[in-house]
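For reference, the structure is listed below as structure tokens.
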Amino acid sequence: MQNTYFFTQKEKDSNELKLLLVELITNIQPTDKDHGFYDSADVQRLLNVSDKTLYRMRRNKTIPCFKLGKKYYYCTLPFVRYIQK
């Protein structure tokens with residue numbers, strides 16, 4: 001009985017966390033119309049680099065990013081500024 005309660009409580013906490021993350025992501029208001037986020041596939045296409053190269057760039061902190069769940073996200077602003085120059 002105790003294990004069943006533990007799993008249901010853990011699942012409940014996990015679901016609450018997921019709902020909170022979804023709410024935070026949907027309520028993020030960009031300060032600039034071009035400001036948003038790219039995922040790894042977008043950045044690979046923009047920079048024409050492989051998975052391994054992008055991994056090295058993240059590891060060396062050459063490119064700023066953050067991880068949410070199992071995916072990495074990259075702010076679009078540096079890319080937009082670079083393209084505008």
Side-chain angles (χ1 to χ4, degrees):
M1 280 295 204
Q2 232 175 5
N3 289 344
T4 306
Y5 173 75
F6 174 75
F7 288 118
T8 54
Q9 184 64 34
K10 187 176 180 180
E11 289 172 3
K12 181 180 175 187
D13 293 343
S14 177
N15 288 336
E16 288 175 4
L17 181 59
K18 287 177 187 176
L19 290 173
L20 178 62
L21 287 173
V22 168
E23 183 179 341
L24 287 172
I25 291 170
T26 55
N27 291 329
I28 292 175
Q29 296 297 321
T31 57
D32 188 320
K33 68 177 183 174
D34 295 326
H35 188 73
F37 300 99
Y38 290 136
D39 65 0
S40 294
D42 295 330
V43 174
Q44 287 174 352
R45 280 192 298 271
L46 283 170
L47 300 179
N48 195 26
V49 296
S50 68
D51 288 336
K52 186 70 172 177
T53 301
L54 189 57
Y55 166 75
R56 279 193 305 265
M57 293 171 82
R58 281 195 310 261
R59 188 184 63 206
N60 295 334
K61 305 216 185 292
T62 305
I63 187 168
C65 67
F66 65 94
K67 187 175 182 180
L68 184 61
K70 294 183 179 182
K71 288 185 75 168
Y72 286 93
Y73 294 93
Y74 309 83
C75 182
T76 59
L77 202 52
F79 298 102
V80 171
R81 287 181 181 163
Y82 178 76
I83 291 169
Q84 289 175 347
K85 288 183 180 184

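We're numbering straight along the sequence, starting at 1.
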Open item on the list: Does Asn60 have more than 12 heavy atoms from other residues, nucleotides or ligands lying within 6.0 Å of its CG?
Closed with: yes
Task: Leu47 side chain reached by Met57 side chain, heavy atoms, under 4.5 Å - done: yes
Task: With Asp39 via side-chain contact (heavy atoms from CB on, under 4.5 Å) - residues at least two apart - done: Ala41, Asp42, Lys71, Tyr73
- [ ] Sequence neighbours left out, what pairs pass salt bridge (Lys or Arg N to Asp or Glu O under 4.0 Å) with at least one residue falling in residues 47-69?
- [x] none
Task: Proximity of Phe37 and Phe66 rings by center, below 6.0 Å - done: yes
TODO: Check whether any side-chain heavy atom of Ser50 sits under 4.5 Å from a side-chain heavy atom of Thr53, and report yes or no.
DONE: yes
Task: Shortest non-hydrogen separation from Pro64 to Tyr74 and the atoms involved - done: O-CD2, 3.5 Å
Open item on the list: Same cluster or not: Val49 versus Tyr55, using hydrophobic residues (I, L, V, M, F, W, Y) connected whenever any side-chain heavy atoms lie under 4.5 Å apart?
Closed with: no
Task: Thr62: partners by side chain to side chain donor-acceptor pair (under 3.5 Å), with sequence neighbours left out - done: none
